[in-house]
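We count residues from 1, following the sequence as given. Values below: every heavy atom of this structure, side chains too, minus hydrogens, waters and symmetry copies. Start at 1 and go down the list; that is how both ligands and their atoms are numbered.
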Amino acid sequence: MDTAKFKGVFSALLTPYTADGKINGGSVKKIVDMNLSKGINGFYVGGSTGEGMLLTVEERKELFKYAAQSNAGRGTMIAHVGTINTDHAIEMAKYAEDCGYDAISAVAPFYYGFSYEAIKGYYNDIANSVDIPMIMYNFPNASGFKFDKERAEDMFQNKKFIGIKHTTADLFALQQFKTMECNPLVYNGFDEMLVAGLSMGADGGIGSTYNFMPQKYVDMFRLFNEGNIKEAQKIQYEANEIIALLIKYGVFAMEKALLEEMGIEMNGCRKPFTALSEEGKKVCKNIIKTL
Ligand code: MN9
């Protein structure tokens with residue numbers, strides 16, 4: 001299959017809410033338009049950044065619809081359908097396919113400490129329920145499941161699997177995936193390490209901070225591919241100064257406050273996430289001036 005459209009930098013779309021806590025379709029459109037205008041290649045919808053685990057199945061489907069309509073065929077769309085209930089994941093995967101998504105993705109089922117066989121079954125059940133390909137979401141800190149080359153070689157025998165979103169600092173593992181015979185697409189998952197991930201062979205990145213500073217990631221990716229590593233590193237350092245503050249005050253709450261400052265209604269994160277502190281709000285206003 002032609003994987004060209006899957007390479008590049010993808011925003012892990014934040015989920016905006018209305019004042020009464022519903023999914024805010026108008027704001028989804030604003031983020032999508034702004035990101036695409038800066039050169040972002042597409043969107044990863046309803047994942048960790050999108051508060052996927054805090055939304056109902058109906059809300060996740062609604063979000064898929066809004067994002068697909070906003071994108072209107074411009075960028076490459078990946079729908080995160082992961083949850084621990086296989087039937088729910090399949091329902092969302094089918095819906096995403098109907099909305100025109102290019103691929104689905106799923107985190108490994110968590111909480112019960114499922115066996116490898118159970119996890120493999122979950123992935124195959126979801127992947128085989130649709131015709132679009134599957135991108136494995138490898139996030140061991142959240143799922144408790146360690147995905148390595150050996151397991152990838154086993155799971156990727158199913159040709160529906162085309163890639164891995166690699167959200168761990170283990171860049172050796174990332175590089176090892178790239179030595180697999182099927183040469184999967186591998187995405188760098190921690191924004192603060194994009195240039196490092198690209199150096200180890202990543203085909204692109206998927207990240208939350210792309211939502212409010214897309215230009216930096218578009219530039220990093222372009223400069224890296226032009227062989228201008230020093231300049232790419234410079235932008236990575238600039239981004240990391242901001243990311244360090246986000247990590248201190250709450251990543252998603254801060255990202256949403258930044259977009260709110262840019263005029264896009266976001267209405268914070270869903271509970272049990274806490275609201276941004278007063279100090280965080282001040283820091284946010286200072287960050288805005290540097291963007
Ligand atoms: O989707 C995000 N991952 C998580 C990617 O939030 C788990 C990243 O963009 C991080 O938010 C970011 C800050 O650590 O790298």
Going by the side chain to side chain donor-acceptor pair (under 3.5 Å) test, which pairs reach into residues 1-14, not counting sequence neighbours? Lys5-Asp102, Ser11-Asn35
Could you check whether atom CD of Glu150 has more than 12 heavy atoms from other residues, nucleotides or ligands sitting under 6.0 Å from it?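 It does not: Glu150 CD has 12 such atoms or fewer within range.
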Crowded around Lys149 NZ? As in, over 12 foreign heavy atoms under 6.0 Å? yes
Any protein N/O atoms within less than 3.5 Å of an N/O atom in ligand 1? List the atom names and distances, or say none.
from	atom 1	to	atom 2	distance (Å)
ligand 1	1 (O)	Lys165	NZ	3.1
ligand 1	9 (O)	Asp191	OD1	2.7
ligand 1	9 (O)	Asp191	OD2	3.0
ligand 1	9 (O)	Ser208	N	2.8
ligand 1	9 (O)	Ser208	OG	3.0
ligand 1	11 (O)	Ser208	OG	2.8
ligand 1	14 (O)	Glu192	OE1	3.4
ligand 1	14 (O)	Glu192	OE2	2.9
ligand 1	15 (O)	Asp191	N	2.9
ligand 1	15 (O)	Asp191	OD1	3.4
ligand 1	15 (O)	Glu192	OE1	2.6

Electrostatic pair Arg222:Asp219 at N-O distance under 4.0 angstrom: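 Yes, this pair counts.
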Close aromatic pair by centroid cut-off 6.0 Å: Phe10 and Phe43: no
Please say which of Thr86, Ile90, Asp87 ends up in a side-chain contact (heavy atoms from CB on, under 4.5 Å) with Ser129. Ile90
